[in-house]
Amino acid sequence: MSARSEKPKKKPRKNPNKNKAKAAVKPLLAWYDKHARVLPWRARKGETPDPYAVWLSEIMLQQTTVATVGPYFMRFLTRWPTVEALAAAPQEEVMKEWAGLGYYSRARNLLACAKVVSSEYGGKFPERIEELGKLPGIGPYTAAAISAIAFGRSATVVDGNVERVVARLFDLRTPLPAVKPEIREKAATLTPEKRAGDFAQAMMDLGATVCTPKNPSCNRCPINDLCDAREAGTQSVLPARAPKKPRPVRRGACFWLTRGEEVWLRRRPEKGLLGGMMEVPGTPWDKRDLSPGAGIKTVDRHRNVTEPLQSAKDGDKGGGDKTGTDDMPGHTPLDHAPLDHAPLDADWKLVPGLVEHTFTHFHLELEVYTATTRKKLVPGEGAWVPLDEIAGEALPTVMRKVAAHAMPDAGQLFAKR
DNA sequence: GAGACGTGGAC
DNA sequence: TGTCCAAGTCT
């Protein structure tokens, strides 16, 4: 009675849904044998994977693209060829090498993990998911990935790629993140006993090159005949996601202080945003949401001189001052006098324009003031850094933008590493 | 469970 | 040009 049965050309499914998992493994492994990408951290056929290299690559690849990771991975492996070598490295050096990769807690956890493996495991990574998952920076995904890829254990590896492939393969329409448990269930039925590492990488390669977020190349997919979403025509909208929230805009000012051929930098606190990285000293970043629609009027973003931010209607009514900064709860976060935060009194000049940078959860607009001094010491914590050495410092990208804005003629200092 | 936590490339 | 989002983890 089904519509399909009336079409003689279309044969009924050879593989009923319940056997789909079993049917998918072989074609996926065959596809992987033929199309596997050559990646610096990936063992070639017949080679034994280096657990240290697998771990290092998996940490770097968290929320980070293959193309971005490549050079960082090579530099780390060259400089610290073993987990013991890395464990002995000063954190400062690790942060410098990590600068630009983002998610800096990964770098701190990387070092912490190396020390544990080195001192408590004799330099050998544990093989089981349960042990791996206890190590700093290793969560469910990375534990399974190391167990499968480095040690060939049968572990279910679920990353963003696998989520997408599985959601489509089984036409799971519940939005993320609610659908995650179901995805994991289905993924577990797929996981083979043998070649689990290859299988995990096959799924991730498939998601990265064929079963892509937009315009998936279903015609090239080795398991397209098993795909429920393709049959239903839902592949391009899966996995469904909850609507994203708007990014607030924050503002601040920072101070580019030079003394001869040196600039004054300081280190950020260990925890939190850009934790442990260097920065140009500045004001706190206004936490008030100034984005359009937030009910607060903003000044023209492109003016050279920023006017004092207008306080919104919540300022005077005593109704609820729910805004404030971390440092000064209850205080107005509007900074009418940025120079009060300058490292010292000087003839500060506002550099025309703004430095803009978008983080995961907010957009930042930064004014940059410049001045020179002859003083050897500046109140507070910090250090004079030679200008020709700042490229090697642990400066996050937003601070490199600040440097380039303050010294437009010296942008090439950050040319490449 | 939801928010914090970076960056750069693709479209 | 702006939006999406990538081999997630931690709190």
Side-chain angles (χ1 to χ4, degrees), chain A residues 37 39-42 53-73 95 98-110 112-113 132-146 148-150 155-165 175-178 180-181 187 197 199-209 211-215 236-237 239 241-248 250 268-277 279 285 287 291-292 326 356-364 394-401:
Chain A
R37 293 179 289 175
L39 302 173
W41 45 85
R42 193 172 267 183
V54 171
W55 162 72
L56 178 61
S57 70
E58 290 300 342
I59 300 298
M60 288 184 167
L61 286 163
Q62 289 168 5
Q63 296 290 286
T64 310
T65 59
V66 164
T68 300
V69 165
Y72 285 87
F73 175 81
M95 301 311 284
W98 198 275
L101 246 197
Y103 285 137
Y104 298 99
S105 66
R106 290 185 296 173
R108 301 192 299 275
N109 286 147
L110 187 83
C113 182
L132 286 163
K134 292 176 189 165
L135 295 169
I138 297 184
Y141 160 76
T142 305
I146 294 173
I149 297 171
T156 300
V157 179
V158 182
D159 74 329
N161 292 119
V162 176
E163 281 181 350
R164 187 168 56 255
V165 170
L176 288 169
K180 278 173 182 269
F199 180 76
Q201 293 178 92
M203 290 283 279
M204 293 190 281
D205 272 17
L206 187 75
T209 64
C211 196
T212 48
K214 293 167 187 171
N215 305 315
S236 60
V237 299
R241 291 177 187 279
K244 44 268 159 202
K245 293 171 182 173
R247 256 192 272 270
R250 296 184 194 169
R268 293 177 62 87
E270 279 296 304
K271 301 234 170 187
L273 186 71
L274 308 176
M277 301 295 284
E279 71 171 355
W285 298 341
K287 277 185 150 54
S291 60
D326 283 343
E356 299 199 42
H357 188 76
T358 303
F359 294 93
T360 305
H361 51 301
F362 67 95
H363 182 81
L364 178 65
L395 282 175
T397 296
V398 61
M399 291 301 152
R400 291 172 191 246
K401 288 183 183 177

Give a yes/no answer on whether the side chain of Arg241(A) brings an N or O atom under 4.0 Å of OP1 or OP2 in dC4(C). no
Check whether any side-chain nitrogen or oxygen of His361(A) sits under 4.0 Å from OP1 or OP2 of dC5(B), and answer yes or no. yes
Restricting to ring pair (Phe, Tyr, Trp, His ring centres under 6.0 Å), what partner residues turn up for Tyr103(A), sequence neighbours left out? none
Determine the contact category for Arg108(A): base if any of its heavy atoms lies under 4.0 Å from a base atom, sugar-phosphate if only primed atoms, P, OP1 or OP2 are that close, otherwise nothing. nothing
Rounded to the nearest angstrom, tell me the gap between atom NZ in Lys271(A) and atom P in dC5(B). 12 Å
For Leu39(A), answer base if it contacts any base atom (sugar-phosphate contacts may also be present), sugar-phosphate if it contacts only those atoms, and nothing otherwise; contact means non-hydrogen atoms under 4.0 Å. base
If you take the centroid of each ring, where Trp contributes its six-membered ring, are Phe359(A) and His357(A) closer together than 6.0 Å? yes
For Phe362(A) and dA4(B), give me the distance from atom CZ to atom P, rounded to whole Å. 10 Å
Nucleotide dT9(C), atom C1' - distance to NZ of Lys134(A) in whole Å: 18 Å
Thr64(A): which residues meet the side chain to side chain contact (heavy atoms under 4.5 Å, CB included) condition with it, sequence neighbours left out? Thr68(A), Val69(A), Leu101(A), Arg106(A)
Using the side chain to side chain contact (heavy atoms under 4.5 Å, CB included) criterion, which residues pair with Thr212(A)? Sequence neighbours excluded. Pro216(A)
Suppose we screen for side chain to side chain contact (heavy atoms under 4.5 Å, CB included). Which residues come up paired with Ala148(A), at least two apart in sequence or across chains? Ala155(A), Val157(A), Ala196(A)
Return the set of residues passing side chain to side chain donor-acceptor pair (under 3.5 Å) with Asn109(A) (not counting sequence neighbours), or none when no residue passes. none
With a 4.0 Å cut-off on heavy atoms, is Val162(A) in touch with a base, just the backbone sugar-phosphate, or nothing at all? nothing
Tell me the interatomic distance from Glu270(A), atom CD, to dC5(B), atom C1', rounded to whole angstroms. 15 Å
Protein-nucleotide distance (Leu61(A), atom CG; dC5(C), atom C1'), rounded to Å: 15 Å
Measure from the side chain of Lys244(A), starting at C-beta and using heavy atoms only, and say which of dG8(C), dC4(C), dC10(C) lies closest. dC4(C)
Rounded to whole Å, CG of Asp159(A) lies from P of dA6(C) at a distance of 9 Å
In whole angstroms, the gap separating P of dC10(C) from CG of Leu110(A) amounts to 13 Å
Scoring nucleotides 6-11 of chain B by protein non-hydrogen atoms under 4.0 Å (B base, S sugar-phosphate only, - none) yields BBS---
Want to settle it: does Ile138(A) or Ala208(A) sit nearer the 5' end of DNA chain C, counting the closest nucleotide to each? Ala208(A)
Does Arg164(A) reach a base, just sugar-phosphate, or nothing at all? Heavy atoms under 4.0 Å. sugar-phosphate
Rounded to whole Å, CE of Met60(A) lies from C1' of dT9(C) at a distance of 17 Å
Show the numbers, then the answer: is there a side chain to side chain contact (heavy atoms under 4.5 Å, CB included) between Trp41(A) and Ile149(A)? CA-CA 11 Å; Trp41(A) 45 85; Ile149(A) 297 171; over 6 Å; no
Nearest-Å distance once atom P is located in both dT11(C) and dG6(B): 14 Å
